[in-house]
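Everything on this sheet refers to the single structure shown next.
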Amino acid sequence: MALRKSLSRRRILAGVFAPTALGVVAAAAIVLPQQDTPTVADPYLAGLAKTTECHDMVSLGIGGRGDIPRDESKMLVDENGNRLPAAQQGAYSSHWVEPVINAPLENHEAGEGYAAIYIEYPADLASYENAVNKGAENTIEVMKAIRRSCPDTQFAIVGFSEGADVARRAAMEIGAQEQGEDGSWDIIDPGAVSGVVILSDAGREAGEGFFPGAENGANPDGFDRPYQPGGDPVPGRGVLPDTNGGFGHLAGKVASFCSEGDFTCSAPENIALIELLANVGRQVNGDALEREGLTPATGADLAQVVGRVALLALADISANPDWMRSDETFLEVLIKVSDPSYDPAAARPTTPVAADADSGATGGEDGAEAPIPAERLSNLAYLPEKIVKEVVGFIRSNENTLAVVLADPYDQTFGYNEETRDHYGHHFDYWDDDVDGKGTSTVEYAAAWLEHLAREAKEGKKVDPKKVDQAAVLMIVEETAKAETAEASTTPGTSPSSTVTDDATVADSSVPAPVDGAPAPAGDPAAPVAPPAPEAGVAATPTPVTTTAPVPTPSETTTPATGETTTGAGSTTSSGTPTTTVAPTTTTSPAPAA
């Protein structure tokens, strides 16, 4: 045990700025060049999986550091044979992600109707921001390619560790879209995404529940099985707060899981210095630091990043002439400018400071240096107060920093026993925890949710829990219309129907629009269909002429295929020889009241 602790602490000291010491995967500003996408001349002869092989649902698995497919000869190809950054299940397997994305395969014979694929992306620490942004880009690229060939396919996105950050960014980008006036979407229709599973969410907001945007915080929308019944959200927040945000159109379809003690997603508040180091760690070569420690090469890389952050901080302060009077501390400025997404141009004022323009600061009449403008010189009066604010602010913003460092966040989060070859860090709790008191792990819960989503997709049901109430309204309309139809058939002016054995048939009536002007989705077998309204007219068939009990607006009838059952107002046909029930008279009856 003592040896394990010694090795762990030495690893932290060797890579103090490495993101793993902070419980987060981070990366460098050095962007690795991406190879051009190769093309497979004949994917059918190559035996590769193709996007033209359509499925009801496809799950995209995004693994963590190094847990990605790399064999380009086994990658998915699009409809034109172009290689895509993904490999189908069977061409690659992930120990961590596979239990989730492969679970629905058991309910689909030979994978029919369902497929699981793994997204390829850099997945390293040498260029963290580039890696996760490229991962999100690749995820969206694959989804768009599949939708081009299979416009009805539904998706689930599953990410773990570094892949969790990829899944979050891709889901946020898809959910933030605005639909065009023509009904199109820039990426894909958010309705095509049935669910998103994020295991260890570095962008989690403080105290956020497991299902952001869900109507019931105990489970995702449309899935009745509760997760951790009666349990409170895990304390803390993700260690990369600048990556958080809402999921827009995907709200209620996201499961953001976090294990208490997993520093990646449950970091305590007031750890400003660690947050600063995490931001710096995302811009250095974390792989090299962890592998080599501090060497001339890694030291130069680190110095370059630190120097750039310092210069950005000074520039940001100089752009704010009232900074000395403000409550913002220098540490807060460092955290702000060290964020990889910080834009120096956006931070600069759009107009010059008036004091500079009027003071002749470039020099006096005799060429001597001009004095400091009075407006800026007055800021020195705030220096004592500013120093107090700096000291107080530093203490308050780092209340938990020392405790976190002493707790060894790396060992607590990523601990691994070399002798037993077992992970004991909280970053891997999701496979062994008990979330319901019945032995169900987080991964098993996520797998059960994906099985549910896959069944919904197989049955052709749109996963849109926001329309549940509308469906109930349509069912009420259907029952009401049936009652009105029955009442209309017994009103004066009509008589019991007689049966005519003939080739005459009765047309299907049009479906009335649902209430509130919200029609059911076309082609959605889950949407209830309102019964046909009474109609009048003469069937376009030879004698004898068949009529039905009419309504004020008559309509022509059509002839369905033999063997179908057609229901009209007071008329039915059955398989075999069609039998049409008609009213003996053409006397119209008043339409039922709306």
Please check if the side chain of D434 supplies one atom and the backbone of K438 the other of a donor-acceptor pair under 3.5 Å.
-> yes
Hey, mind stepping through F257 and Y227 against ring pair (Phe, Tyr, Trp, His ring centres under 6.0 Å) and telling me if it holds?
-> CA-CA 10 Å; F257 297 115; Y227 175 84; 4.9 Å; yes
Starting at OG of S259, measure out to CG of L199 and round the result to the nearest 0.5 Å.
-> 11.0 Å
So F428 and H423, would you call those rings parallel, tilted or perpendicular, with 30° and 60° as cut-offs?
-> tilted
Identify the heavy atoms of N219 and P226 that sit nearest to each other, and give their distance.
-> OD1-CA, 3.9 Å
For P220, does its backbone N or O pair with a side-chain atom of E215 as donor and acceptor, under 3.5 Å?
-> no
Should E120 and R70 count as an ion pair when the cut-off is N to O under 4.0 Å?
-> no
Exercise: do Q412 and D408 side chains pair donor with acceptor under 3.5 Å | no
How about E79 and K50: do any of their side-chain heavy atoms sit closer than 4.5 Å?
-> no
S59 and Y114: side-chain donor and acceptor closer than 3.5 Å?
-> yes
Of all the heavy-atom pairs spanning G64 and A123, show the shortest one and how long it is.
-> O-CB, 3.7 Å
Quick one: side chain to side chain donor-acceptor pair (under 3.5 Å) partners of T243, sequence neighbours excluded?
-> none
For residues D242 and Y342, is any side-chain donor paired with an opposing acceptor at under 3.5 Å?
-> no
Minimum side-chain heavy-atom gap I119-I68 below 4.5 Å = no
What distance do N244 atom CG and E205 atom CD have between them, rounded to the nearest 0.5 Å?
-> 4.5 Å
With a 4.5 Å heavy-atom cut-off, do I174 and F247 have their side chains touching?
-> no
Give a yes or no on this: more than 12 heavy atoms of other residues, nucleotides or ligands lie within 6.0 Å of atom CG of D422.
-> yes
Ring centre gap for H95 and W431 strictly below 6.0 Å | no
May I ask you to decide if the ring planes of Y410 and F414 are parallel, tilted or perpendicular, using 30° and 60° as cut-offs?
-> tilted
Below 4.5 Å, heavy atoms only, C-beta onward: do E269 and R237 meet side chain to side chain?
-> yes
Donor-acceptor contact below 3.5 Å, side chain E173 vs main chain A170 = no
Indicate whether any N or O donor in one side chain lies under 3.5 Å from an N or O acceptor in the other, for S94 and D67.
-> yes
Looking only at heavy atoms, the pair that brings G207 and P233 closest together is O-CB, 3.7 Å
Under the 3.5 angstrom rule, does the side chain of T413 hit a backbone N or O of P409 as a donor-acceptor pair?
-> yes
Got a salt bridge between R168 and D201, using NZ or NE/NH1/NH2 to carboxylate O under 4.0 Å?
-> yes
Examine distances only and state if a side-chain atom of Y445 and a backbone atom of R225 form a donor-acceptor pair shorter than 3.5 Å.
-> yes
Is the backbone N or O of S441 less than 3.5 Å from a side-chain atom of E444, with the two atoms forming a donor-acceptor pair by type?
-> yes
Walk me through it: do W449 and F211 pass the test ring pair (Phe, Tyr, Trp, His ring centres under 6.0 Å)?
-> CA-CA 13 Å; W449 183 35; F211 308 102; 7.3 Å; no
V234 and C258: CA distance, side-chain angles, deciding distance, side chain to side chain contact (heavy atoms under 4.5 Å, CB included) verdict = CA-CA 7 Å; V234 172; C258 179; 4.1 Å; yes
R204 side chain to G236 backbone, donor-acceptor under 3.5 Å | yes
Heavy-atom side-chain proximity of D436 to Q228 below 4.5 angstrom | no
Does H249 use its side chain to pair, donor to acceptor, with the backbone of D189 at less than 3.5 Å?
-> no
With M143 as partner, the option from N138, T153, I187, V193 fulfilling side chain to side chain contact (heavy atoms under 4.5 Å, CB included) is V193
Nearest heavy-atom approach of A131 to D124 is CB-OD1, 4.0 Å
Apply side chain to side chain contact (heavy atoms under 4.5 Å, CB included) to Y424 and D411, showing your working.
-> CA-CA 9 Å; Y424 58 82; D411 189 69; 2.5 Å; yes
Partners passing ring-ring contact (aromatic ring centres under 6.0 Å, His included) against Y92 (at least two apart in sequence or in another chain) = Y118
When V404, L276, N398 are each screened for side chain to side chain contact (heavy atoms under 4.5 Å, CB included) with I271, the one that passes is V404
Separation of R291 CZ from L125 CG (nearest 0.5 Å) | 10.0 Å
Evaluate the side-chain proximity of V97 to N102: yes if any heavy-atom separation is below 4.5 Å, no if none is.
-> no
Could you pull out the closest heavy-atom pair between V166 and G135, with the gap in Å?
-> CG1-C, 3.3 Å
Got a donor-acceptor contact below 3.5 angstrom from the N400 side chain to the P268 backbone?
-> no
Test item: D78 side-chain N/O and N82 main-chain N/O as donor-acceptor pair under 3.5 Å = yes
Among F263, W96, F160, Y416, find the one that has a ring pair (Phe, Tyr, Trp, His ring centres under 6.0 Å) with H427.
-> F160
Side chains of D429 and T442 in contact at under 4.5 Å (non-hydrogen atoms) | no
Shortest non-hydrogen contact between D221 and N216, atoms and distance | OD1-N, 4.2 Å
Do M57 and L453 have side-chain heavy atoms sitting under 4.5 Å apart?
-> yes
Distance col, row I188:CD1 vs I140:CD1, nearest 0.5 angstrom, shows 8.0 Å
Euclidean distance, N279 CG relative to K336 NZ, rounded to 0.5 Å | 13.0 Å
Apply side chain to side chain contact (heavy atoms under 4.5 Å, CB included) to the pair Y430 and S200, showing each step before the final yes or no.
-> CA-CA 9 Å; Y430 309 97; S200 189; 3.7 Å; yes
Does CZ belonging to R396 count more than 12 external heavy atoms closer than 6.0 Å?
-> no
Under 3.5 Å, is there a donor-acceptor pair linking the side chains of D262 and S266?
-> no
Decide, yes or no, whether a salt bridge links R169 with E129 under the criterion of side-chain N to carboxylate O below 4.0 Å.
-> yes
Carefully, step by step, assess E141 and K144 under the rule salt bridge (Lys or Arg N to Asp or Glu O under 4.0 Å).
-> CA-CA 5 Å; E141 178 188 352; K144 291 171 68 174; over 6 Å; no
Test side chain to side chain contact (heavy atoms under 4.5 Å, CB included) applied to Q154 and V58, step by step | CA-CA 6 Å; Q154 293 291 118; V58 173; over 6 Å; no
